[in-house]
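Have a look at the structure below before the remarks.
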Amino acid sequence: MPLHSLVADNFTLRVRHRGGGPVEVCWLGRVDARVPSALLEPFFAELLQAVRELRSREIHFRFEDLEHFNSSTIAALVKFLDQALLAKAPLVLYYDPDKRWQKMTFEVIRRLGRAGIETRPVEG
Amino acid sequence: MSQDICFRIEAPIAPNWPNIELLRTSVLNCLASIFQDSSFCDSVSMITSELLENAVKYGDWDDSDHSFFKLRVSGGEDQVQVHVSNPVDAGSADLKSLLETVEQIGRFENPALAYQNRLKEIAERGEVGVSRLGLPRIAFEGNCDIKAEVVDGVLHIRTLSRN
């Protein structure tokens, strides 16, 4: 299955994959839809399906350039953590520790202690 | 509150989703012209957008006077209050749930635990649709107290953030 980026009104999830490496998803813009799960859940399902078919199964979500997301988006993301776990797809969440809202969000997600989920600050 | 800086933003709002982002960025830009700390400005603008989202989602927009939908952001050097008021159906399950959420947050030792607990519930129950995460996020990321009351069919939610 080919990997497609998701382009919505206010945000883009840009997918990159180089053979053998992780599948990288860069979150850009503002994810502030009223029901973001309507957009994100089909994208996540397609992503996991595509990752299953690739040799490298690791997924990297890069949030450091994201401007804003609402709490409904955080909820959709947290639900995806367990789906990635079930699919045996290790997930790394990159964030900008200089943005306090990102640091606070991802430190709490780290404390959820989900196996196979790593949060990684991007320094500098 | 300092006497040196004192501000007040007040706007009547139409309950349309795109207005939320317009007001979030307006508040962010306004506060950025007052405060040096960009994280604090991000935090207050996040509070504004989460409260407005709740109002648009759960307000009573069928049989009510929309002029009761208002945003007020006010404060000074040390603290900022965000106050959103909107018409509600006093018997609605959404209102009951919202008031319960405010109470629940207060029962945790600190807002971080309330937020973490809600995230765990979402992850473990795999709930779809309503997240009920906005108020715990406000309390935690905004590091603020939340007060909610219903007066004459209008819900008032006030947060107080300290800089």
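Worth knowing before you read on, the calculation uses all heavy atoms, side chains too, and leaves out hydrogens, waters and symmetry mates. Chain identifiers are assigned alphabetically (A, B, ...) following the order of the sequence lines, protein sequences preceding nucleic acid strands; residue numbering begins at 1 within each chain.
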* To do: Please check if the distance between the ring centroids of Trp101(A) and Phe69(A) is under 6.0 Å.
  =>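 Yes, ring centres under 6.0 Å apart.
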* Determine the option with the most heavy-atom pairs under 4.5 angstrom with chain B, choosing from Met104(A), Arg34(A), Arg100(A). =>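 Maximum pair count with chain B is reached by Arg34(A).
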* Asked: Highest number of heavy-atom pairs under 4.5 Å with chain B: which of Ile109(A), Asp82(A), Val108(A), Asn10(A)?
  ->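 Result: the option with the highest number of such pairs is Val108(A).
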* To do: Please state whether the side chain, the backbone, both or neither of Ala38(A) comes within less than 4.5 Å of a heavy atom of chain B.
  =>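 Interface part for Ala38(A): neither.
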* To do: Measure Glu67(A) against the heavy atoms of chain B and call it side chain, backbone, both or neither at under 4.5 Å.
  =>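 Just the side chain, heavy atoms under 4.5 Å.
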* **chain A interface, residue from Leu119(B), Ile138(B), Asp42(B) that has the most non-hydrogen pairs under 4.5 Å** =>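 Top count of heavy-atom pairs under 4.5 Å with chain A: Leu119(B).
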* With sequence neighbours excluded, residues passing side-chain hydrogen bond (donor to acceptor under 3.5 Å, both in side chains) with Arg132(B) ->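 Arg132(B) satisfies side-chain hydrogen bond (donor to acceptor under 3.5 Å, both in side chains) with Asp94(B), Ser97(B) only.
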* Asked: Just checking, any donor-acceptor pair under 3.5 angstrom between side chains of Lys103(A) and Ser39(B)?
  ->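 Short answer, no.
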* **Polar contact flag, side-chain donor to acceptor under 3.5 angstrom, Ser43(B)-Glu141(B)** =>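 Their side chains do not contain a donor-acceptor pair, so the 3.5 Å distance test is not met.
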* **Asn117(B) versus chain A, the contacting section by heavy-atom distance below 4.5 Å** =>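 Interface part for Asn117(B): neither.
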* Between Gln116(B) and chain A, which part of the residue has a heavy atom less than 4.5 Å away: side chain, backbone, both or neither? ->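 Backbone plus side chain of Gln116(B), per the 4.5 Å heavy-atom cut-off to chain A.
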* To do: Give a yes or no on this: more than 12 heavy atoms of other residues, nucleotides or ligands lie within 6.0 Å of atom NZ of Lys99(A).
  =>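 For Lys99(A), atom NZ is crowded (more than 12 foreign heavy atoms under 6.0 Å).
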* **Set of residues satisfying ring pair (Phe, Tyr, Trp, His ring centres under 6.0 Å) with respect to Phe43(A), sequence neighbours excluded** =>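 Checked Phe43(A) against ring pair (Phe, Tyr, Trp, His ring centres under 6.0 Å); zero matches.
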